[in-house]
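Written below as structure tokens is the structure these notes are about.
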Amino acid sequence: MRHVLILFLLFSIFVKAQEKTTSGNPLFPGWYADPEGAIFRNEYWIYPTYSAEYDQQVFFDAFSSIDLIHWEKHARVLDTTEVKWAKRAMWAPSVVEKERKFFLFFGANDIQSDQEYGGIGVAVAENPTGPFKDYLKKPLVDKFYNGAQPIDQFVFKDNDMYYLIYGGWRHCNIAKLNKDFTGFIPFDDRTTFKEITPDKYVEGSFMFKRNNKYYFMWSEGGWTGPDYSVAYAIADSPLGPFKRVDKILQQNEKIATGAGHHSVIKHPVKDEYYIIYHRRPLGETDRNSRVVCIDLLVFDDQGLIKPVVITKEGVKENPIK
């Protein structure tokens, strides 16, 4: 009996040692980048780019969690078999819920000029797990406007208005989506795409609202290099003007390199924010060796974002319910 008790105690100690007390970084295995975080149906969701050579980037996986600690993979929520015009380089999904449907905005084909076919597309599903289907059967944005490459799209909801914010090649546009997401509503000056590019902007747009202020964030530097990072600006309107405040996310050579292209999620009840981003593990030299990580996003008393401390531990458990 004594031996049984000892074995039971040893097993209990082993099980307890295996229990996760923090999320750890990376959050889940596999090469992924450009993660967008969201909250749907009382769960945390992350939709990343599959990080590989462009011709292999023909699908999106998604990940869900009830507590930020344990993540479930949902494979191929969208792929090119459902989007006939998308051939490669499917990037940076942005997912929004509207009228009980889920709309996934994505970039495809990495077009380099208006003579190539591709750009920003839209897919739709009944559930955050998909399967998503091509919504328009063509790109929503298929050309360069104001010099912005049609990539790295983000959909921002402000009251009843949905904005598409996007851009690469050091230019960023904002446009008002129409009611059914099939096109755009012109601004009062009859323009459709307004440029809101801040200083040092490169790509990876993101926006959120806190205390009636609009925080616009972006990635700067080169995505394969040590200068890849995230900076931000604050304005009184989603249209800006956005004056760069500071850089708040960058690599730490003791932990990981190339930290950038992020999103932000807020706990629906608590005033707690998280930054979800990708980075390159130490020792990895392949440009596509990127992983998804999470750390705290903290504000000072003036509402400015404090520099993010990137960690190996990640964040503590924080269920929504």
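All values below were derived from every heavy atom in this structure, side-chain atoms included, with hydrogens, water molecules and symmetry-related copies excluded.
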Taking the side chain as every heavy atom from C-beta outward, state whether Glu43 and Ser65 have any pair of such atoms under 4.5 Å apart. no

Do the side chains of Val315 and Thr22 get nearer than 4.5 Å, heavy atoms only? no

Is there side-chain contact between Ile46 and Tyr32, with at least one heavy-atom pair below 4.5 Å? no

Would you say Asp67 and Tyr44 are linked by a side-chain donor-acceptor pair, where the criterion is simply a distance under 3.5 Å? no

What's the shortest heavy-atom distance between Gly168 and Tyr201, and which atoms? N-OH, 4.4 Å

Backbone N or O of Phe193 within a donor-acceptor pair of the Thr191 side chain at under 3.5 Å? no

Please determine if Lys98 forms a cation-pi arrangement with Phe181, meaning its NZ or CZ atom is less than 6.0 Å from the six-membered ring centre and no more than 45° off the ring axis. yes

Charged N to carboxylate O under 4.0 angstrom, Asp134 versus Lys84? no

Tyr228 and His278 aromatic centres sub-6.0 Å: yes

Starting from Leu104, walk the hydrophobic network (Ile, Leu, Val, Met, Phe, Trp, Tyr; side-chain heavy atoms closer than 4.5 Å) and list everyone else you reach, by chain and number. Phe40, Trp45, Tyr47, Phe60, Val77, Leu78, Val83, Trp85, Met90, Val95, Phe102, Phe106, Tyr117, Phe132

Asn318 vs His267 side-chain heavy atoms within contact, under 4.5 Å: yes

Is the gap between the ring centers of Phe105 and Phe154 under 6.0 Å? no

Is it true that atom CD1 of Ile66 has more than 12 heavy atoms of other residues, nucleotides or ligands lying nearer than 6.0 Å? no

Is it the case that Lys194 places NZ or CZ above or below the six-membered ring of Phe187, under 6.0 angstrom from the centre and within 45 degrees of the axis? yes

Classify the angle between the aromatic ring planes of Trp169 and Phe144 as parallel (below 30°), tilted (30 to 60°) or perpendicular (above 60°). tilted

Could you check whether atom NZ of Lys209 has more than 12 heavy atoms from other residues, nucleotides or ligands sitting under 6.0 Å from it? yes

If only side-chain N and O atoms count, and only distance matters, is there a donor-acceptor pair under 3.5 Å linking Glu313 with Asn25? no

Output the distance between atom CZ (Arg170) and atom CG (Asp199), rounded to the nearest 0.5 Å. 10.5 Å

Charged N to carboxylate O below 4.0 Å: is that the case for Arg287 and Glu53? yes

Are any side-chain N or O atoms of Lys20 and backbone N or O atoms of Ile69, one a donor and one an acceptor, separated by less than 3.5 Å? yes

Under 3.5 Å, is there a donor-acceptor pair between the His261 and Asp34 side chains? yes

Picking from Trp218, Tyr273, Phe206, what satisfies ring-ring contact (aromatic ring centres under 6.0 Å, His included) with His262? Phe206

Is it the case that more than 12 heavy atoms not belonging to Lys321 sit under 6.0 Å from its NZ atom? no

Does a donor on one side chain sit under 3.5 Å from an acceptor on the other, for Trp91 and Gln57? yes

A quick test of your reading: do over 12 heavy atoms of other residues, nucleotides or ligands sit less than 6.0 Å from CG of Asn212? no

Heavy-atom closest contact (Pro131 atom, Ala125 atom, distance): O-CB, 3.5 Å

With distance as the sole criterion, is a donor-acceptor pair present between the side chains of Asn127 and Thr129 under 3.5 Å? no

Is Phe216 close to Phe208 at the side-chain level, that is, under 4.5 Å between some pair of heavy atoms? no

Can you get from Tyr162 to Tyr135 by hopping between Ile, Leu, Val, Met, Phe, Trp and Tyr side chains that sit under 4.5 Å apart? yes

Met161 and Lys176: CA distance, side-chain angles, deciding distance, side chain to side chain contact (heavy atoms under 4.5 Å, CB included) verdict: CA-CA 7 Å; Met161 178 58 66; Lys176 295 192 293 185; 3.9 Å; yes

Once the angle between the rings of Tyr215 and Tyr232 is folded into 0 to 90°, is it parallel (under 30°), tilted (30 to 60°) or perpendicular (over 60°)? parallel

Does any N or O in the side chain of Lys138 come within less than 3.5 Å of the main-chain N or O of Asp142, such that one atom is a donor and the other an acceptor? no

Relative to each other, are the rings of Phe63 and Phe28 parallel, tilted or perpendicular (30° and 60° limits)? parallel

Determine whether Tyr277 and Asp295 satisfy the following criterion, side-chain hydrogen bond (donor to acceptor under 3.5 Å, both in side chains), listing intermediate values before the conclusion. CA-CA 9 Å; Tyr277 61 98; Asp295 280 301; 2.6 Å; yes

Under 3.5 Å, side chain of Thr182 to main-chain N/O of Asp180, donor-acceptor pair present? no

Rounded to the nearest 0.5 Å, what's the gap from CG on Leu177 to CG on Leu140? Could you check? 6.5 Å

Have Tyr54 and Asn109 got a donor and an acceptor in their side chains that come within less than 3.5 Å? no

Testing the 3.5 Å rule here: is there a donor-acceptor pair between the side chains of Ser205 and Asp152? no

Leu164 and side chain to side chain contact (heavy atoms under 4.5 Å, CB included): which partner among Val141, Ile174, Val122? Val141

Test salt bridge (Lys or Arg N to Asp or Glu O under 4.0 Å) on Arg88 and Asp55; report intermediate values, then the result. CA-CA 5 Å; Arg88 64 199 293 265; Asp55 288 339; 2.7 Å; yes

Pairing donors with acceptors under 3.5 angstrom, does anything connect the side chains of Gln149 and Asp110? yes

Short side-chain donor-acceptor distance under 3.5 Å, Ser51 and Arg290: yes

Considering all heavy atoms of both residues, which atom of Pro26 and which atom of Cys293 are nearest to each other, and what is their separation? CA-SG, 3.9 Å

Flag the pair Ile320 / Ile39 as yes when at least one side-chain heavy-atom distance between them is below 4.5 Å, and no otherwise. yes

Counting only heavy atoms from other residues, nucleotides and ligands, does the tally under 6.0 Å from CZ of Arg41 exceed 12? yes

Asp61 and Tyr50: side-chain hydrogen bond (donor to acceptor under 3.5 Å, both in side chains), yes or no, with the steps? CA-CA 7 Å; Asp61 295 329; Tyr50 173 60; over 6 Å; no

Restricting to non-hydrogen atoms, name the atom on Val230 and the atom on Gly260 that form the minimum distance, rounded to 0.1 Å. CG2-CA, 3.9 Å

Check whether any side-chain heavy atom of Gln153 sits under 4.5 Å from a side-chain heavy atom of Ile120, and report yes or no. yes

For residues His74 and Ser64, is any side-chain donor paired with an opposing acceptor at under 3.5 Å? yes

Closest non-hydrogen atom pair between Arg280 and Thr224, with its separation: NH1-O, 3.9 Å

Please check if any side-chain donor atom of Glu284 sits under 3.5 Å from a side-chain acceptor atom of Ser289, or the reverse. yes

Do Glu126 and Lys101 meet the salt-bridge criterion of a basic N to acidic O distance under 4.0 Å? yes

SB check Lys200 Glu220 (cutoff 4.0 Å): no

side-chain hydrogen bond (donor to acceptor under 3.5 Å, both in side chains) assessment of Ser94 paired with Glu36: CA-CA 6 Å; Ser94 179; Glu36 169 148 330; 3.1 Å; yes

Quick test of your reading of the model: are Lys306 and Asp300 salt-bridged, counting only N-O distances below 4.0 Å? no

Non-hydrogen side-chain atoms of Phe299 and Asp271 separated by less than 4.5 Å: no

I'd like to know if the side chain of Asn146 reaches the main chain of Ala148, judged simply by a donor and an acceptor atom lying under 3.5 Å from each other, with no hydrogens or angles considered. no

Which heavy atom in Thr257 sits nearest to a heavy atom in Leu282, and how many Å separate them? CG2-CD2, 4.2 Å

